[in-house]
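Each remark here refers to the structure printed beneath this line.
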Amino acid sequence: MDKLVIEGGARLKGEVTVSGAKNAVLPILAATLLTDEPCIIKGVPNLRDTNSMLKILRSLGKIAEFDKGRVSVTAGKTSNYIAEYKLVSTMRASFCVLGPLLGKLKKAKVSLPGGCVIGVRPVDLHLKGIRALGADISIDAGYVVAAASKLRGTYIYLGGVYGSSVLATDNVMMAAVLASGKTVIESAACEPEVVDLAEFLIKMGAKIKGHGTPVIEIEGVKHLHGAVHTIIPDRIEAGTLILAALITGGDVLVKNVHYQHLGALIDKLSEAGAHIERTDAALRVKGNKKLRSVNITTLPYPGFPTDMQAQMMSLMAVTEGISVITEKIYPDRFMHVSELNRMGAHIQREGPHAIVEGIKSLSGAPVMASDLRASAGLVLAGLSARGKTSISRIYHLERGYELIEEKLVNLGAKVWREKE
Ligand code: UD1
């Protein structure tokens with residue numbers, strides 16, 4: 001296993017290009033199961049999760065090839081309806097093959113994705129929505145077994161205890177596109193990645209309205225065809241790079257960003273006093289100003305993203321003042337707190353809150369990555385710290401950040417990989 005070593009203190013400077021969005025590409029690849037015709041997806045990031053989804057597609061009968069950011073899912077019938085535990089357990093997003101398999105084959109057997117270090121992650125909303133469309137669902141030996149002689153459009157309220165669900169909205173939308181009649185999903189997730197999936201489905205011939213709002217309307221069609229689509233830029237990678245520039249006092253042009261997808265983050269950073277200039281599809285971040293601490297509450301889109309919480313905590317750890325960070329999506333997503341404290345941070349966890357008392361600087365230390373975004377938070381902490389930080393279990397980072405070491409090294413960071 002590799003660990004990532006960072007010699008902190010280098011100010012990042014230069015230009016960096018954001019890759020395609022992981023959370024958009026995974027359900028979009030799953031959506032190719034809805035047709036037997038070829039699909040081409042461009043701007044695909046080369047990530048561990050992308051490759052896991054391609055393996056799942058192949059196991060379900062597809063011929064899927066990945067070359068230089070382009071995936072072609074060529075003719076090849078969706079012939080198998082069983083998504084195996086060993087494939088699904090590697091990432092939660094693979095559970096969203098349930099909707100398309102059921103829509104296309106009227107039957108599906110998909111392993112439950114299982115637990116997760118960031119807290120309990122149930123699938124009740126996915127099942128509620130799929131059931132409402134007329135499927136019989138049972139749980140058998142860790143698998144969800146779903147079957148329907150016919151799926152029928154209906155009204156579905158999809159809100160949960162923590163608000164809307166991204167992948168449940170994706171799953172239900174993908175099952176509903178081939179159902180007969182109209183489906184209305186109320187309390188649908190509004191995330192840009194859900195919108196990107198809807199746009200891809202529309203290119204395949206689906207009739208969808210209201211995506212990007214809490215009410216999505218789907219008029220079922222009989223058949224979907226192949227389509228060509230380019231994935232939106234990854235707003236979480238963009239946010240992480242923006243914070244990398246700020247935390248190192250650097251000057252970086254972050255290219256390939258959709259400014260409007262970053263509203264909550266940019267608003268908070270402006271409140272903190274950061275200087276972020278908008279140019280065409282790019283953001284120039286200058287970290288020469290002293291920042292103030294700000295409070296953050298994570299919420300479903302367009303609120304502050306939970307996937308940026310760990311990275312923001314690292315920035316607040318070295319920003320003067322007290323910041324209260326409240327996690328409203330995953331109340332236990334605080335595994336990075338103890339690791340940041342190992343680097344000298346003053347952070348106290350109180351239930352779903354973390355109280356961060358900013359200090360002048362962190363000191364490098366050996367730390368352990370617990371999940372994807374926590375790893376990103378630790379990388380930012382390492383970039384700003386005095387001395388050397390080594391982050392073990394770095395494979396988490398590879399799940400969601402394409403070429404991250406190269407990108408950071410090109411900006412002047414001192415980052416390298418070592419065997420554990
Ligand atoms: C997606 C993202 C993940 C992000 C999360 C929240 C992908 C591949 N992953 O995950 O990066 O952190 O959105 O923005 O897109 N919930 C239920 N029942 C369900 C489903 C979810 O109670 O059936 C709860 C979850 O436990 C959580 C909240 O709803 O508290 C939101 O989770 P959800 O939006 O479903 O997350 P994912 O779609 O799994």
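Here the structure is a predicted model, which means the values were calculated and not measured. As the structure lists them, so they are numbered: ligands from 1, and atoms in each ligand from 1.
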Quiz item: Which ligand 1 atoms does Tyr162 reach within 4.0 Å, using its non-hydrogen atoms?
Solution: 28 (C), 30 (O)
Quiz item: Quick one: which ligand 1 atoms are inside 4.0 Å of a heavy atom on His126?
Solution: 23 (O)
Self-check item: Proximal atoms of ligand 1 relative to Thr306 (non-hydrogen, under 4.0 Å)
Solution: 6 (C), 12 (O), 14 (O)
Self-check item: Option of least heavy-atom distance to atom 3 (C) of ligand 1 (set: Leu299, Asp307, Thr169)
Solution: Asp307
Quiz prompt | Pair Asp124 + Arg131, salt bridge at N-O below 4.0 Å | solution = no
Self-check item: salt bridge (charged side-chain N to carboxylate O under 4.0 Å, His left out) involving Arg292 - partner list, sequence neighbours excluded
Solution: none
Quiz prompt | Set of residues satisfying salt bridge (charged side-chain N to carboxylate O under 4.0 Å, His left out) with respect to Lys407, sequence neighbours excluded | solution = Glu237
Self-check item: ligand 1 contact on Ser165 by region, counting heavy-atom pairs under 4.0 Å
Solution: both
Practice problem: Kindly indicate whether the side chain of Ile41, heavy atoms from C-beta on, has any atom under 4.5 Å from the side chain of Phe200. | Solution: yes
Practice problem: Using only heavy-atom distances, determine whether the side chains of Thr35 and His225 contain a donor-acceptor pair under 3.5 Å. | Solution: no
Quiz item: Which pair of non-hydrogen atoms, one from Met343 and one from Gly364, has the smallest distance, and what is that distance?
Solution: CE-CA, 4.4 Å
Quiz item: Does ligand 1 have a heavy atom under 4.0 Å from the side chain of Arg333, from its backbone, from both, or from neither?
Solution: side chain
Quiz item: Relative to atom 23 (O) of ligand 1, which among Ile329, Leu125, Val25, Leu158 owns the nearest non-hydrogen atom?
Solution: Leu125
Self-check item: Ligand-side contact atoms (ligand 1) for residue partner Val166, heavy atom cut-off under 4.0 Å
Solution: 1 (C), 13 (O), 15 (O), 33 (P), 34 (O), 35 (O), 38 (O)
Quiz item: Do any heavy atoms of Val123 fall under 4.0 Å from ligand 1?
Solution: yes
Quiz item: Do we get Arg278 above Tyr259's six-membered ring, with its NZ or CZ under 6.0 Å from the centre and within 45° of the axis?
Solution: yes
Practice problem: Using distance alone, decide if ligand 1 has a nitrogen or oxygen within less than 3.5 Å of any nitrogen or oxygen in Ala168. | Solution: no
Self-check item: Residue-ligand contact Pro122/ligand 1, heavy atom below 4.0 Å
Solution: yes
Practice problem: Decide whether an N or O pair under 3.5 Å exists between Leu26 and ligand 1. | Solution: no
Quiz item: Considering the options Leu102, Leu224, Leu151, Ile218, which one meets the side-chain contact (heavy atoms from CB on, under 4.5 Å) requirement together with Leu178?
Solution: Leu224
Practice problem: Would you tell me whether Asp234 and Asn23 have side-chain atoms, one donor and one acceptor, within less than 3.5 Å of each other? | Solution: no
Exercise. Flag Ala93 as yes when one of its N or O atoms lies below 3.5 Å from any N or O atom of ligand 1, and as no otherwise.
Key: no
Quiz item: Is it the side chain (CB and beyond), the backbone, both or neither of Tyr330 that lies under 4.0 Å from ligand 1, heavy atoms counted?
Solution: side chain
